[in-house]
Structure formats: structure tokens, C-alpha cells
Peer 1: 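Once you've had a glance at the structure underneath, I'll fire off some questions.
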There are 2 protein chains.
Amino acid sequence: MNGKIFIIEDEPSIIQLVQHNLEKNGFIVSSSLNGNDGLKELKKFQPDLLLLDWMLPDLSGIEICKNIRKDNSFKNLPVIMLTAKGEEEDKIKGLDSGVDDYLTKPFSFNELMARIKAVLRRSNPNTVSDNLKFDDLMLDRIEKRVFRDDQEIKLGPTEFRLLEFFLINPKRVYSRDQILESVWPNNINIESRTIDVHIRRLRQSVNLKNKKELIRTVRSSGYSLI
Amino acid sequence: MNGKIFIIEDEPSIIQLVQHNLEKNGFIVSSSLNGNDGLKELKKFQPDLLLLDWMLPDLSGIEICKNIRKDNSFKNLPVIMLTAKGEEEDKIKGLDSGVDDYLTKPFSFNELMARIKAVLRRSNPNTVSDNLKFDDLMLDRIEKRVFRDDQEIKLGPTEFRLLEFFLINPKRVYSRDQILESVWPNNINIESRTIDVHIRRLRQSVNLKNKKELIRTVRSSGYSLI
DNA sequence: TTAATTTGTAACAAAATTGTAACATTTAAG
DNA sequence: CTTAAATGTTACAATTTTGTTACAAATTAA
């Protein structure tokens, strides 16, 4: 992962948390605690993406966003807006002002990361290197391929999404409900037993001979990688 | 070749010659006849490279160059300076002001082209690719021809753009929506199934006998080269 | 203009994927 | 050991997705 991210956010603890984690993930990060400083710094920093707080001491996030869109050198700068709970009703307004995505506080860093990747992938594919690795397994989200060591593993769409899901937090145990919610398109109704079958299919593909089992069953809880 | 080049030059005949030839080579070109206009236009045009005449009616090329270097959004804009004979003694001064390369008038277009390529290759490699290659496939963007090994492949316009699109990021999987957005002129409405048919046509042309399949179908995701 | 090429879509064929049921096996508790 | 619950396995029909072909409309060349 590489690319520059700028943060405008008045809550120092959030800045610290996000900045630290983004840097750990290979991004170059800079930030401002208010809108006016932010707009100035932005010019110097030339980021690939902007994280923007909705409520700031001086300018609102929306005003900043509109400012940015007027400036030709930032015309296509992707913006992710951070909003506090209860501001949801304003979402549409925000989207109209040219925001690329939203995140409601409090959010998990993983969620933020996912949004950042998604947005960057659209605007500037080179900044996002998207390989998920675990043990001798490698999943390439861009080429949609999976390898174990150097041997390619062919997966169907659902198996791919399932493995992708596990790889984001390997080792973590997920219940069938959690898996269902994250891996299947929303509002779909399938039996929880169906997941077992897909796990079985995934296992069959992933467990090459002479390789150790990668998917763990946690009785009465769910599944995880191991 | 692709990329945007801006020219600031007060001699219309030179502009015409250079602009015309650059466009024939796939560049998008815009120009101004004096320094003040040029500086304004530059902002709008956001070029990948600037051709700058040394002597201009209002500002000197050097002044323009210094101006540009002060502006953060142009910090790394490559500049090639055009000088008339007899100004050589000033070359060093010019280089200090942040010019990337020089060309003494009169110059041949080929010479200019060589310098442009050299400079662009350093600053922005993606803009300098006359032909796209992948495996035994070669697409010449200038002559609009495609070869597999040495055998020419005739493609229709849409097939050509489609292949060109894939060749920029081969291996990467694109959804039908992404393909549609990038390969078809904006605001056009076609069914996503239509892409399948064009893929089929492209395959038929590209897959010569005894050659391996080059276009991969990724079920429920899209297509890529392979 | 006419002829030739290119393009988008519909319609059908083929292939891959999916969900579920039914049965088998394993596990944990008593 | 027996039993019940949870999970593994298999087969299969239904659905979804993609491939293929044909054709009329649109575009371009002659």
C-alpha cells in the first residue's frame, strides 16, 4: 500500500489512532485540527485521499468539500467524510457536495481501511496493492486469483468471497450469522447450513495434498482460519 | 503515447507544427502565445509536460518557470525549454531555474519527440508508451495496429479500444461496468450483455490457432487478460 | 448514392454455480 | 455406551451467468 492521506479532524485522539494505523499500513499521513489550516496544508501535501470530519471548529466538512471541488488541482481528490452518530439524516446532502464515501463514528479501523481502499481503487488504482496473505496462502483481489505457495487455486465466486472474508481477520472465529451477513449480498435468505456446504467446498479447493488444513471448525461457534 | 502537453510559444508556425505532430502521436495538446495567458491556462489544462519558449513578449521563460516551481500543484511538472541559437551561453542559468531539458531552435520534430519521451519517461512512465505489449501481443497506439508475434490482427474500432483498455492493466479483472465506463464514450447506454458479445468478437480475432487463450472470464466479476 | 463494415440486442445454448435435502459421521454430555 | 446435537459429505435440480449466433440498425467507406 502506498499513497498520501490527509486528515482534517478536530479530535486529537481520532487523528492519533487513525494516523498511526494508516502509517503502519504504508500510507504517508498528515493532518490538521481545523478547516482553515487544513485547506492550506492540503495544497502542500498533495494527498491521494482526504479524510474529513463533518463537524469542525471553523468550517464545516461540507464547506471544505465544496471549496476543494472548486479548485481545479483538487477536482478529483477523493474524500471520505466522518460523521458522528445522529447526523445520518444529512447523508444525502453530503453526498451531493461531492463526498465519495461516509463513515459514522465510532468506526473500526478495519472498516475505515476497507472504505479507503475501495475509494482509492476507483480513483488511483496504483496506490492500492491488494493482496491478502496468510501462511502460504495468497489472495489477489485485483486479479481475483488465489495461490497456495505458487500453485494456483481455482475458486468459484462465493468461495472466493468467503476466503477473502476470512483473510481480512484470519484466526478470528466467525459465527454463521456473521459470515452470512458479510459474504452474502444483503437481504438474502439462506439457511445457515448452506454455509457448511460452502465451507466444505472451500476446504476441498484450498486443502492441497501435503498441506495442512487451513479452515478450523469451532464447534457451536463457527469457523476461522488457523 | 498519451498524456497532455502544454506549449507556451509566441511563434504561431512553431506551435502549429509541434502541436499537429504531437497530436498525431497521441498527445493532447493545448497552447498559449504569451506567458501570462499561459500561466492561467496551465491551471485548467493540467498538463504532464510543458514546452516553454525562452523569449516571450511578456514574461521570460525563466520567470514562468520560477513561477511554476513556486506553485505546489506544479512542483514536478517537467519543462522543456526552447531557445533560439545564440542563447546557448545562458543554458546553465536555465537549468538552475528548474528546467528539465533544452532544445535549440531550429530543431527537428524527431529530436523534440526524443526529448519529450525521455523526460516523460522519468516523470510519468505511463504517458510514454507508443505500444502496449503483453505476452506475444503488441498493440501500436499510433498506427492503430495489433500483432500477435508477427502476424497482424485486424480489429474493429471497438475491439481495438477494448484490447487497448485491457493492455494498460493486463491481468487486472474489470467488471462490465468498469469496461463500459472506460471503453465506451461517456453517457452512452448499452446493455452490459453487449460487452460479452464484443469480448467474443475480440477473442475470435485475437485467438489465432495454436495460441493460448488470452482473455480470461472471471465468473460474476468480469474479464481480464491472462 | 450504394455497398461494406460495424454495432447493439435478442434469443437460444452451454456451462458453471448455488441452495437444499438427505444421509453419514463426529462430538460432547449424561 | 447411548443419545442428541452439530457438522461433514454427497447428489441433484434450479438458477445464474456466460457463450454463440443471427439479424436489423447505424455508421462508414467507396
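All values derive from a computational prediction rather than experimental measurement. Per chain, numbering begins at 1; letters A, B, ... match sequence-line order.
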Peer 1: So, the side chain of A:Asp135 versus the backbone of A:Leu137: is there a donor-acceptor pair under 3.5 Å, distance only?
Peer 2: no

Peer 1: Could you give the CD-to-P distance, from B:Glu191 to C:dA11, as a whole number of Å?
Peer 2: 11 Å

Peer 1: Just to be sure I understand the rule, does A:Tyr223 reach a base, reach only the sugar-phosphate, or reach nothing, if contact means heavy atoms closer than 4.0 Å?
Peer 2: sugar-phosphate

Peer 1: Does the ring center of B:Phe134 lie less than 6.0 Å from the ring center of B:Phe166?
Peer 2: no

Peer 1: What is the distance from CD of A:Gln204 to C1' of D:dT9, rounded to the nearest Å?
Peer 2: 9 Å

Peer 1: Which one, C:dT20, C:dT9, C:dT18, comes nearest to the side chain of A:Thr158?
Peer 2: C:dT18

Peer 1: Between C:dG19, C:dT17, C:dT20, which nucleotide gets closest to the side-chain atoms of A:His198?
Peer 2: C:dG19

Peer 1: State whether the side chain of B:Arg145 and the backbone N or O of B:Asp140 hold a donor-acceptor pair below 3.5 Å, judged by distance alone.
Peer 2: no

Peer 1: Base, sugar-phosphate alone, or nothing: which one does A:Arg201 contact when heavy atoms must sit under 4.0 Å apart?
Peer 2: base

Peer 1: Rounded to the nearest angstrom, tell me the gap between atom CZ in B:Arg176 and atom C1' in D:dT16.
Peer 2: 12 Å

Peer 1: What is the distance, to the nearest angstrom, from the CD atom on A:Glu213 to the C1' atom on D:dT7?
Peer 2: 13 Å

Peer 1: Does D:dT18 have its OP1 or OP2 closer than 4.0 Å to a side-chain nitrogen or oxygen of B:Arg200?
Peer 2: no

Peer 1: Mind calculating the distance between CG (A:Leu202) and C1' (D:dT7) to the nearest angstrom?
Peer 2: 16 Å

Peer 1: Between P on C:dG19 and CD1 on A:Ile188, what's the gap in Å once rounded to a whole number?
Peer 2: 6 Å

Peer 1: Report the distance from atom CG of A:Leu155 to atom P of C:dT18, rounded to the nearest whole Å.
Peer 2: 11 Å

Peer 1: Looking at A:Arg219, does any N or O in its side chain come under 4.0 Å of the phosphate oxygens OP1/OP2 on D:dA5?
Peer 2: no

Peer 1: Roughly how many Å is it from CG in B:Leu180 to C1' in C:dG8, rounded to a whole number?
Peer 2: 12 Å

Peer 1: Would you mind classifying the nucleic acid contact of B:Arg193 as base, sugar-phosphate or nothing, using non-hydrogen atoms under 4.0 angstrom?
Peer 2: base

Peer 1: State whether B:Trp184 places a side-chain N or O below 4.0 Å from either non-bridging phosphate oxygen (OP1 or OP2) of C:dT7.
Peer 2: no

Peer 1: Do you know which of B:Arg203, B:Arg201, B:Arg176 makes salt bridge (Lys or Arg N to Asp or Glu O under 4.0 Å) with B:Asp196?
Peer 2: B:Arg176

Peer 1: Just to be sure I understand the rule, does B:Ser220 reach a base, reach only the sugar-phosphate, or reach nothing, if contact means heavy atoms closer than 4.0 Å?
Peer 2: sugar-phosphate

Peer 1: How do B:Gly156 and B:Ser192 order along DNA chain C: which one's closest nucleotide is nearer the 5' end?
Peer 2: B:Gly156

Peer 1: Would you confirm whether A:Asp48, through its side chain, and A:Lys4, through its main-chain N or O, come within 3.5 Å as a donor-acceptor pair?
Peer 2: yes

Peer 1: May I ask you to verify if any side-chain N or O of B:Thr217 is less than 4.0 angstrom from the OP1 or OP2 atom of D:dG19?
Peer 2: yes

